[in-house]
Amino acid sequence: MCRAVVRWAVLATMLTMPLGACAQGLLTNIAHRETTSLNGPWHYIVDPYETGYYDYRRQPYDQQAQPSTSAFFSNHHPADRQELVEYDFDTSPTLNVPGDWNSQNDQLLYYEGTLWLKTSFDFVAASTGNRLFVHFGAVNRLAEVYLNGTKLGVHEGGFTPFNFEVTGIVRPRGNFLVVKVDNSRRADAVPTISTDWWNYGGITRDVTLIEEPAAFIRDYAIQLKPGSAHTLAGFVQLDGAATNEKVTVSIPELGVEQASAVDGNGLARFELDAPAVRLWSPGSPRLYEVVVKTARQTLRDDIGFRTITTRGADILLNGKPIFLRGISIHEENALLGRRAHSEADALQSLNWARELGCNYVRLAHYPHNEHMLRMADRMGLLIWAEVPVYWTIAFGNPATLSSARQQLTEMVTRDRNRASVIIWSVANETPPSDARNAFLRNLIAHTRALDATRLLSAALETHAEDEVSVVSDPIGEQLDIVAFNQYRGWYGGTLHDAPEARWEIRSGKPVVVSEFGGDALQGLHGKRDERWTEEYQEYLYQQNLKMLQKIPNLRGLSPWILADFRSPRRLLPGIQDGWNRKGLISNRGIRKKAFFTLRNFYRTVQPRDD
Ligand code: GCB
């Protein structure tokens, strides 16, 4: 456990490591484990001056200092009426967890900094030998976690899960779990200081207490073996198991089962021949119950099997060429103006995408919550998943690279059993330079080592050469799909002659246009050359679609964006008012004219069997 005692000698090393290195081996498939939800109202204290470390007077990560009773995580109450204690969680207000703080209290709309949250719970384990873990779906951005005054560890990265073991710390009654959340933007973080989305702070996804046997199934992967349409291959990772402990993987519906023994690290690899397997696709999103079993535990999951490859300029799903009819989505409930976190939120976004005629969604610009991926598995939507390596992050900084690698690891570990995910994306609009190219090459190699079965991409940039739009990013060579963002008619270029525009894409690979679009205030009407009107946006879509269809290798689109979303960069009064208005659907849920333009286009390219 990454518990408190870290000496100064190693502190220097720690500073160059991602803070999240303190989080432990990730438990996956939380939905099907023995769990107790710690969601609900949590008491909170807003702490812009870091008073929670009061008279601790050292840097937050100096673990040598003894916690004083005045530190917030000690949750101390005065022993008598003499004692000075200047905080009290129990009489402080509450915020709902999961949930961002910005949308729950008007005074916190723009708040960036530290906020402490506390919940209390009683818990009696089902068996004394069992192990306990506390799991967070995501905390934006830097979380420091304490249980009953003991520091469990820290995690950095606002969109990926983490857990800490709490065996021996949980007691039957009166546990208090305190999380210091800091959402300050930082130049060396991923993402960095400047983004075009709201920096929602807080415990934005579920918090769960998990009870496991002494040796338990921590993680597993099962997919079609590359090159095969019926051999399933993967691994099971046990935690706390003795060498040779037996584990079986079965799919009862297919009548297949394979027993293996774990090695000294608790790892077992397996292969299963499943000749009767029916492949998952958007037209037929078939999921099978997969059962992973040891002598002490049975863990179930619903998993689909499909292949995703490329051949020349084609993207092949189960061996057949496919066109990705997509849309980009932020993790936001547009109608409520808050971070999305529930199944209902996921259903709203994905139903809108389906209404638009999509078979594919780009989950921008960071890993979304697991509901989105599981729902997409069930609905038959393909997914582009990405990490927030966005714009100009500190490419030369090793700690920034570690943070990006860690977020990729957590995303792939959580989602590699989801059939819907076909593309891992390592970056968005990152201007080429030696440092950036080396950074992305590192991420690409890392991602391929984590998962060799999916396609890799990144949203690249274009540049103009003699009136020709050129895509020639050297990173394209390392990717399976060359994707780029372009904003003809919004940030540059004219619309009337867009269909005649010349494009040069220096690659024979499949091309996906990962973004195009323009703002429209829903209900504002005018001529098609009047910015901010629905007619302007409609014309922009018409002309861009005509232009982009002429790109010979075009195999997909994910225009920007499904719904209006909050962004502090978007300030024009009466039009933007803190919202990026490039949505095809307004924040009141009303479809703009361009929604129907794109829907009609998708109808023309949709094959009959999909
Ligand atoms: C982009 C970014 C996206 C922005 C969008 C815009 O290129 O990738 O995050 O929100 O443009 O609206 O400018």
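Along the sequence shown, residues are numbered consecutively beginning with 1. Note that ligands are numbered from 1 as they come in the structure, with each ligand's atoms numbered from 1 the same way.
Panel note: side chain Gln406, backbone Glu156; a donor-acceptor pair is recorded below 3.5 Å.
Contact between Pro510 and Arg555 at its shortest, heavy atoms only, is CB-CG, 4.0 Å.
Using a 4.0 Å heavy-atom cutoff, Arg569 is absent from the residues neighbouring ligand 1. Within the structure, the closest approach of Trp490 to ligand 1 does not fall below 4.0 Å when heavy atoms are considered. Proximity of Trp197 to ligand 1 is not established, as no heavy-atom distance is less than 4.0 Å.
Side-chain rings of His330 and His365 approach one another, their centers coming within less than 6.0 Å.
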Would you please test Arg374 and Asn417 for side chain to side chain donor-acceptor pair (under 3.5 Å) and show each step?
CA-CA 10 Å; Arg374 287 191 176 265; Asn417 288 315; over 6 Å; no
Determine whether Tyr111 and Trp101 satisfy the following criterion, ring pair (Phe, Tyr, Trp, His ring centres under 6.0 Å), listing intermediate values before the conclusion.
CA-CA 8 Å; Tyr111 181 65; Trp101 63 58; 5.7 Å; yes
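Of all atoms in ligand 1, numbered sequentially from 1 with element shown, those under 4.0 Å from a heavy atom of Tyr491 are 6 (C), 12 (O), 13 (O). The distance from ligand 1 to the heavy atoms of Tyr390 drops below 4.0 Å at these ligand atoms: 2 (C), 3 (C), 4 (C), 9 (O). Within ligand 1, counting atoms from 1 as listed, the ones closer than 4.0 Å to a heavy atom of Arg570 are 6 (C), 12 (O), 13 (O). Every atom of ligand 1 is numbered from 1 in the order shown, and the set under 4.0 Å from a heavy atom of Lys582 is 6 (C), 12 (O), 13 (O). Residue Asn428 has at least one heavy-atom neighbour below 4.0 Å for each of these atoms of ligand 1: 8 (O). For ligand 1, the atoms sitting less than 4.0 Å from at least one non-hydrogen atom of Phe565 are 10 (O), numbered in the order shown with element in parentheses.
Between Tyr487 and the options Trp490, Phe484, Tyr491, a ring pair (Phe, Tyr, Trp, His ring centres under 6.0 Å) holds for only Tyr491. Of the candidates Trp560, Trp579, Tyr366, Trp391, Tyr366 is the only one forming a ring pair (Phe, Tyr, Trp, His ring centres under 6.0 Å) with Trp197.
Distance from atom 1 (C) of ligand 1 to its nearest protein heavy atom, with residue and atom name: Glu515 OE1, 2.9 Å. Shortest contact from atom 7 (O) of ligand 1 to any protein heavy atom: Glu429 OE2, 2.3 Å. For atom 10 (O) of ligand 1, the nearest non-hydrogen atom of the protein is Asp196 OD2, 2.5 Å. For atom 11 (O) of ligand 1, the nearest non-hydrogen atom of the protein is Tyr487 OH, 3.3 Å.
The N/O atoms of His365, backbone and side chain alike, include one that comes under 3.5 Å of an N/O atom in ligand 1.
Between Arg338 and Asp345 a salt bridge is recorded (basic side-chain N to carboxylate O distance below 4.0 Å). One finds a salt bridge joining Lys593 and Glu535 here, because a Lys/Arg side-chain nitrogen approaches an Asp/Glu carboxylate oxygen to under 4.0 Å.
With a heavy-atom cut-off of 4.0 Å, Thr195 does not touch ligand 1 at all.
Below 30°, between 30° and 60°, or above 60°: for Phe516 and Tyr541 the angle between ring planes is between 30° and 60°, a tilted geometry.
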